[in-house]
Amino acid sequence: MSTTTASNPIIRNNTSVITSKTTHKLRIALFGFGVVGTGVWKILVEKRKEFRKAYGIDLEIGGICVRDLVKERVVAVDPAIITDNIDALLADDSIDIVLELIGGRFEAQTLIERALASRKHVITANKLVLAHELPRLRAIADRSGVNLFYSASVCGSVPVLRSLDELRAGDRISKISGIVNGSTNFILTSMAEQGISYEDALPEARRLGFLEADPSLDVSGADAAQKLSVLIYHAFGQHIPPHAISTTGIEAITAGDFTRAKATGHTIKLLATASLEANGKVHAQVRPELVPISHLFANTRDEFNALEIQTANAGPQVLYGKGAGSLPTASAVVSDLIEVLKGE
Ligand SMILES: NC(=O)c1ccc[n+]([C@@H]2O[C@H](COP(=O)([O-])OP(=O)(O)OC[C@H]3O[C@@H](n4cnc5c(N)ncnc54)[C@H](OP(=O)(O)O)[C@@H]3O)[C@@H](O)[C@H]2O)c1
């Protein structure tokens, strides 16, 4: 971390400078400048002065790594800080915080491991890597004395992981259940409300940018299983990798299924559920379920997410909000960044 003197020293009267307030500079490397990375950039540009004032820290984006250097970007950025060389940016000793927003599995995993091992704080939105490697990555972060934060990996802007941490600290969580995949929820909402088939609902979800590059990750329930794995770690302190979670997607649901559900006062939602059994084991599953039309989950529409947490003492609590999209997800990344600033 570098230290500079703020340009506005604290002045008590017109003539004498009583003390000078120091401002630390923290340099960020942004790996990935797509949907989420661009959102983070926009928020940081807007909030930089505010952060300097609140935390005495000047955040500077020291580099941005992308795959395609000639791709047109939706925001104007100094070309001098853009690179396609992951290794060079990672080797830059002046970088304090790495934001991993490239997605995918092994390249991102290596990036996170190397950044942590070289004592850089890491913030990621990558549920795929976390679902497989969370305990090991946390151990590397602990050994290196740096933070690994990942609020954006589950339910976008909704602070589900922090809430689970807080509830678990003072209570006993017995069950979590919810809608954690915005894309499939958008498709199921369209099918329920417009009476259309899965095949007709899919292109609209794609057109609006709600589907992953590979839509099978969403519709097969795999994305929800990855998020459930991360949620389980925070709710129950156990690591269950996504392939150990019983998972059924939404591909086989028909318009007729919705007609029959409606006739009995229900709708259909893709629910991710995990409960703590009496023997201490966690039972976890992702599958489409019938939900009474009066339930909050039935009214969780489109890309919104909702998570119900059952605890021994506090009873049920529900968190609800936008689970995906550029700014909602970037907002969660920035909230992690603030946690890092608070610790500096
Ligand atoms: N989108 C959401 O709503 C959302 C919500 C929650 C979590 N997430 C997670 O956030 C992460 C990023 O998602 P996204 O939607 O922002 O993805 P995206 O729009 O596809 O952006 C990915 C970015 O990473 C860059 N990139 C990919 N591979 C790279 C490599 N090998 N080297 C350098 N740069 C590379 C791409 O470069 P180019 O621009 O040159 O192609 C692009 O800028 C993922 O882990 C995703 O699961 C996304």
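The nearest pair of heavy atoms linking Val154 to Val160 is O-CG2, 3.6 Å.
Among Glu308, Lys269, His266, the single residue meeting the side chain to side chain contact (heavy atoms under 4.5 Å, CB included) criterion with His295 is Glu308. A side-chain hydrogen bond (donor to acceptor under 3.5 Å, both in side chains) with Asp58 is found for one member of Lys25, Arg48, His24 and no other, namely Arg48. Checked options Val40, Val340, Asp96, Leu44; the residue passing with Ile28 is Leu44 (criterion: side chain to side chain contact (heavy atoms under 4.5 Å, CB included)).
A side chain to side chain donor-acceptor pair (under 3.5 Å) check over residues 230-241, counting only residues at least two apart or in different chains, returns the pairs Tyr150-His234, Asp165-His234.
Side-chain contact of Arg301 with Thr189: a donor-acceptor pair under 3.5 Å is absent, judged by distance alone. Checking Asn313 against Thr311 by side-chain atom types alone, no donor-acceptor pair falls below 3.5 Å.
Under the side chain to side chain donor-acceptor pair (under 3.5 Å) criterion, Arg67 pairs with no residue, sequence neighbours left out.
Both Leu327 and Ile338 are assigned to one and the same hydrophobic cluster, defined by single-linkage of ILVMFWY side chains at heavy-atom distances under 4.5 Å. Under a hydrophobic-cluster definition in which Ile, Leu, Val, Met, Phe, Trp and Tyr are linked whenever side-chain heavy atoms come within less than 4.5 Å, directly or via other members, Leu337 and Val35 are assigned to different clusters.
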For Asp336 and Arg162, run salt bridge (Lys or Arg N to Asp or Glu O under 4.0 Å): C-alpha distance rounded to whole Å, both residues' side-chain angles, the deciding distance at 0.1 Å, then the answer. CA-CA 10 Å; Asp336 283 348; Arg162 258 182 215 124; 2.7 Å; yes
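Salt-bridge check for Glu50 with Lys53: failed, with every basic side-chain N at 4.0 Å or more from each acidic carboxylate O.
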